[in-house]
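These notes concern the structure reproduced below.
When a ligand or atom number is given, it counts from 1 through the structure's own listing order.
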Amino acid sequence: MAILLPGGAGYIGSHTAVELLNDNKEIVIIDNFSNSNPSVLDKIKKITGKDFKFYEIDYTNREELEKVFKENKIDSVMNFAGYKAVGESVQKPIEYYYNNVCGALILLDVMRKYGCKKFIFSSSATVYGNPEIIPITEDCKVGGTTNPYGTTKLYIEQILKDLYTSDNEWSIGILRYFNPVGSHESGLIGEEPQGIPNNLMPYIVRVANKQLEELSVFGNDYDTPDGTGVRDYIHIVDLAKGHLKMLEKLNNENNGLFIYNLGTGTGYSVLDMINAFEKSTGETVKYKIAPRRPGDIATCYADPTKAKNELNWKAEKGIEDMCKDSWNYIVKNK
Ligand code: UD1
């Protein structure tokens, strides 16, 4: 029985693939390399010393997707094939709704046809919009997303809830990621944003690496201890391990729909991140204070208690590992 990973060559998918293989799970990866590189596949094999099946297909192509289900015994699916660039989603809403929402629908429909009803979905803290309480618990109100990317996450969550209501033989895990950073300690796989990065950590490492001139700190007048935005950064390997714990729960319980925050429970400001990066790497990050970025909120961090109690999962790596491993990936891939 295999676990299917659409988007398994991407940032979160590849790190989860490594953890699954290390745990002796059988996986099948499909990817169209729209935001990833074919060389990642060999790197996953190199890190784990394990092999897996791969199909270069677009997960929205129903016929090709069905072929994968016909040729393999797929028991569960972890979907990493979503587009994720916030700014781009504003420019290309049709592409985002099509790939993320239609893609998820096609995938779920094909899964149903082949009797596979175990699904783990990569959601995001973005579904909480401007959160009503901090730290954020899973029962906080969702909605008020500020861009099409975030709205696709919200819509897919709703589709999954409706699907489970209609047929409670499904086992569904919704994982709301906070801010994934870092990379595998080998430095072989990591985050490869296309063009100029939007997210903080990829920008910091490129400034330190002199690929970008200086970081703009978007706003220092928020209602936070130092005025800059506060987020819950989580090491990608911890995040990947959360998927194994989620799968374990889906395998142990016969069915159900479960929602968990995957975060550390600690908030760091933009200036905290710059300081932590400089301290743990010895590099300098040139920055200036710039106006607020539209759509940003002041503070967002998780209450991760539910995942700890019910999944027996908790983030182990701290801010120093996150910074060191983000830097290590850049240094190793110069
Ligand atoms: C963003 C997305 C979120 C997505 C997440 C993925 C928005 C509004 N939200 O979250 O939907 O799930 O990425 O990781 O874009 N910052 C700077 N300078 C920069 C970049 C960022 O000061 O060049 C600041 C931001 O203002 C924010 C913090 O750093 O306070 C983190 O930003 P970012 O890494 O983009 O993540 P989020 O905005 O939290």
Salt-bridge test for [X] and [Y]: reply yes if a basic N is under 4.0 Å from a carboxylate O, no otherwise.
X	Y	result
K306	D139	no
R292	D221	yes
E63	K67	no
K241	D238	no
R112	D167	no
K113	E66	yes
E157	R176	yes

Using a strict 4.0 Å cut-off to heavy atoms of [X], name the atoms of ligand 1 that fall inside it.
X	result
S216	17 (C), 18 (N), 19 (C), 22 (O), 23 (O)
V217	22 (O)
Y233	28 (C), 29 (O), 31 (C)
N198	20 (C), 35 (O)
L215	18 (N), 19 (C), 23 (O)
D296	8 (C), 25 (C), 26 (O), 38 (O)
R293	15 (O), 25 (C), 32 (O), 33 (P), 35 (O), 38 (O)
Y149	4 (C), 11 (O), 12 (O)

Report task. Using side chain to side chain contact (heavy atoms under 4.5 Å, CB included) as the criterion, point out the one residue from V77, N79, D31, L4 that pairs with Y59. Result ->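 The side chain to side chain contact (heavy atoms under 4.5 Å, CB included) with Y59 is passed solely by N79 among V77, N79, D31, L4.
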Query - With H243, the side chain to side chain contact (heavy atoms under 4.5 Å, CB included) member among E248, M78, E19 - result: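 Exactly one pass, corresponding to M78.
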Counting heavy atoms only, which of [options] is nearest [atom]?
atom	options	value
atom 12 (O) of ligand 1	P294, S124, A290	S124
atom 24 (C) of ligand 1	L271, V270, I196	V270
atom 9 (N) of ligand 1	V207, V90, V86	V86

Report the nearest protein non-hydrogen atom to [atom]: residue, atom name, distance rounded to 0.1 Å.
atom	answer
atom 19 (C) of ligand 1	F218 CE1, 3.2 Å
atom 34 (O) of ligand 1	L200 N, 2.8 Å
atom 36 (O) of ligand 1	N179 ND2, 3.1 Å
atom 27 (C) of ligand 1	R231 NH2, 3.7 Å
atom 33 (P) of ligand 1	N199 ND2, 3.4 Å

Query - Proximity flag G150 to ligand 1, non-hydrogen atoms under 4.0 Å - result: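 Outside the 4.0 Å threshold, so no.
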Requested in this report: Check whether any heavy atom of Y268 sits under 4.0 Å from an atom of ligand 1.
Outcome: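 For ligand 1, residue contact (heavy atoms, under 4.0 Å) with Y268 is absent.
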Query raised in the report: Does K279 NZ have over 12 foreign heavy atoms under 6.0 Å away?
Result: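 Not buried by this count: 12 neighbours or fewer within 6.0 Å.
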Query raised in the report: Are Y233 and Y268 near enough that their ring centres are under 6.0 Å apart?
Result: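 Not close enough - the centres of the two rings lie 6.0 Å or further apart.
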